[in-house]
Amino acid sequence: MTHAATVAELSGNGQLVYGCDYNPEQWDASVWQEDVRLMKDAGVNLVAVNIFGWAEIEPEQGVFRFENLDAIMDLLAENGIGVNLGTGTASPPAWLTTAHPEVLPTTADGTRRWPGGRQAFCPSSPVYRERALALVEQVSVRYGSHPGLRLWHVSNELGCHNSLCYCDVSADEFRGWLRARYGTLDALNAAWGTAFWSQRYSAWAQILPPRLTLSTTNPTQTLDFNRFSSDELLAHYCAEEAVLRRNSEIPVTTNFMVAAHIRNQDYWTWAPAMDVIANDHYVDHRLDAPLAELAFAADTTRGLAQGQPWILMEHSTGAVNWQPRNLAKGPGEMLRTSLTHLARGADGLCFFQWRASLQGSEKFHSAMVPHAGTDSQTWRDVVELGSVLEKLREIAGTTVHADVALVFSWETWWAHDQESHPSGDVQYIEQVHAAYKALWDAGLTVDVVAPGADLSGYKLVVVPNLYLIRDEHAAVIRDFVDNGGSAVITFFSGIVDENEKVRAGGYPGAFRELLGIRSEEFFPVDAEQPLTLDNGSLASLWSEALHLTTAEAMLSYATGHHVGTPAVTRNHFGAGEAWYAGTVLDNAVLKDLLLRAAAAAGVQLPDAPSGLESVTRRGNGHEYVFLINHTSEDRKHRVSGMELLTAEAVADVVVIPAGAVRVVRTTPRISDTDGPAQDRKDSRNDSH
Ligand code: GLA
């Protein structure tokens, strides 16, 4: 990262960013003027164009037609609207895939996917890379100093469809990646445990991606292929970025997908390469708790941004088109979900997309200008959100502070969910979401951090199902507790090292001493027949033959093979304490446990009534208390200051009407000198 920008700079005048994807190529030029007029009406200040522009601007190899993009860039700039310019490489055009079908991606069964959708390229293809970079060269030379340009948008959602390619070119690149990682075949054989099932390699050329086999494949090979594939698309990002840097001074980013259904990019490794962290998020109605997942994604994005403001690059005004049932948003829901992102550290909100398409597979995806036009609730909501962002402009640069951290890892996700594990019912992201949901229900503000992150500013650390953990990262958690912190660790954590090798001597290997327990065996529980604990609550999916070494039992099994055996334990370790949940607890029990651990750790407990989401941003000598009422009844919250949406003074208690949002700027604290966007650690220390 060399050209770091604050998000508010991207709006052009220090405001919060309000923006969208704009695909003018889908519309007659006569619509463009109206589009820009409406964008100004709504307060839109940053527009992403040329995201899928390749076939438009390079209709044949080496033939470039920029007239339309020139006109759009100029039109936006003349109207004071900034451009977030796509490099245009997200989807190779038909001329490229026809002339070079070898750029197409190949699935694990060895079949090549056809063009006709989008993102139909192999991340390792040298032909794709060469043509893509040639396009980026043209685009960046032409627009690198355009007055409207505020941000470069590399490709689009890299890896959304094509992260894993199993073709021969990928196989070759994978071998190169493995050579760099292991140096020798002996080291690779040892790391992959190839003594098992006669899998030993005697030449590099024998090694393949984990293509479809009759039996299960080698888990470390699969894990390394995940790592390689994430690195490969990051390398593509960096290659495009290098071209942009040569030709332009403008900051560069791409849109991440922190989401429950996308897991192939390890964004902890990607984030340092971005000038600004940007995420796309859509409310996922396939999940049990979509709003908690939204909050988790926002907190994770803030973690990727190292606590600094980030930008929501895409969300939707209403329904998407890719879930089994595409639910529209109810009254006030768009404002509530938008403000959840803001509350959790976003300094900008953008939508996919500006004007709803009339053709193509996304024609029933919502947009800022719906098919119905501007005489619509959606448009009125869009205009209202623009004015809300204007009223909240002073929050730009302020930051969120948390006493609680949750450790989350894409690498663990890859390892945890492999085949041949004790229970296919236990999925990593579901357990992470369950832990986060319990914290969210408790009203606790949480930072999501990577394994190995500095924990010294936190009081409580929650570690759900961290199956794979490196020794040095386990040591960070151990030292945190030793120095007085509290940790809550859930089952199937600390089991394997970075090579997926089990730590022997009893589970959970990496955390045995810290937790003061030793588990002999896992006893997965039938999903239909949960066990019961001695407090009468359920213990689902998982149990263990757990022995206490130095810990005390907090809850034990009342049914099943191990009646009287501990299920939840607490261990005093050094100056702190470490809790273990050895089963899937009911949400209410997990919430109580977390609240108890938080209270013991000195975390100030919130008093938010249920259904009222409350998060505080700090800066400018103020606190900005976001209050989002997800219920159909009025809620109250104790706070004093100025309510920014109604411009009313609040003395002691603010009422948040059913389904509404309120943001209260508290009275300045004399001693608080926090400026906007300060270094995260400084400001966090200030708050403790
Ligand atoms: C992603 C893509 C967009 C669009 C939306 C639809 O976020 O980046 O191009 O397809 O999904 O939800």
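Atoms within a ligand are numbered from 1 in the order they appear, just like the ligands themselves. Source: prediction; values computed, not measured.
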Sub-6.0 Å ring centroid separation between F408 and F296: yes
Where ligand 1 meets D280 - atom numbers and elements under 4.0 angstrom, heavy-atom basis: 7 (O), 8 (O)
Within 6.0 Å of CH2 in W114, more than 12 heavy atoms from elsewhere: no
Contact atoms of ligand 1, heavy-atom distance to E362 under 4.0 Å: 4 (C), 5 (C), 6 (C), 10 (O)
N23 side chain to E25 backbone, donor-acceptor under 3.5 Å: no
Test log, rule side-chain hydrogen bond (donor to acceptor under 3.5 Å, both in side chains), inputs T398 and R617: CA-CA 6 Å; T398 62; R617 291 180 64 152; 3.0 Å; yes
Proximity to ligand 1 by part of H281, non-hydrogen separation under 4.0 Å: neither
H365, portion touching ligand 1 at heavy-atom distance under 4.0 Å: side chain
Under 4.0 Å to a heavy atom of N156 - the qualifying atoms of ligand 1, by number: 2 (C), 8 (O), 9 (O)
Spacing of CG belonging to D35 relative to CD1 belonging to I72, to within rounding of 0.5 Å: 7.5 Å
Ligand-side contact atoms (ligand 1) for residue partner E314, heavy atom cut-off under 4.0 Å: 1 (C), 2 (C), 3 (C), 5 (C), 7 (O), 8 (O), 11 (O)
Proximity flag M257 to ligand 1, non-hydrogen atoms under 4.0 Å: no
Interatomic distance, K329 atom NZ to L327 atom CG [nearest 0.5 angstrom]: 11.0 Å
Region of I51 engaging ligand 1 - heavy atom pairs below 4.0 Å: neither
OG1-CH2 distance between T222 and W414, expressed to the nearest 0.5 angstrom: 12.5 Å
Interfacing atoms of ligand 1 (cut-off 4.0 Å, heavy-atom, R118): 2 (C), 3 (C), 4 (C), 9 (O), 10 (O)
Proximal ligand 1 atoms for E157, defined as those under 4.0 Å from one of its heavy atoms: 1 (C), 2 (C), 7 (O), 8 (O)
Cationic N near anionic O, under 4.0 Å, R246 to E137: yes
Atoms in ligand 1 flagged as close to W322, the criterion being non-hydrogen separation under 4.0 Å: 6 (C), 12 (O)
Residue F52 vicinity, atoms of ligand 1 by number, heavy atom under 4.0 Å: 9 (O)
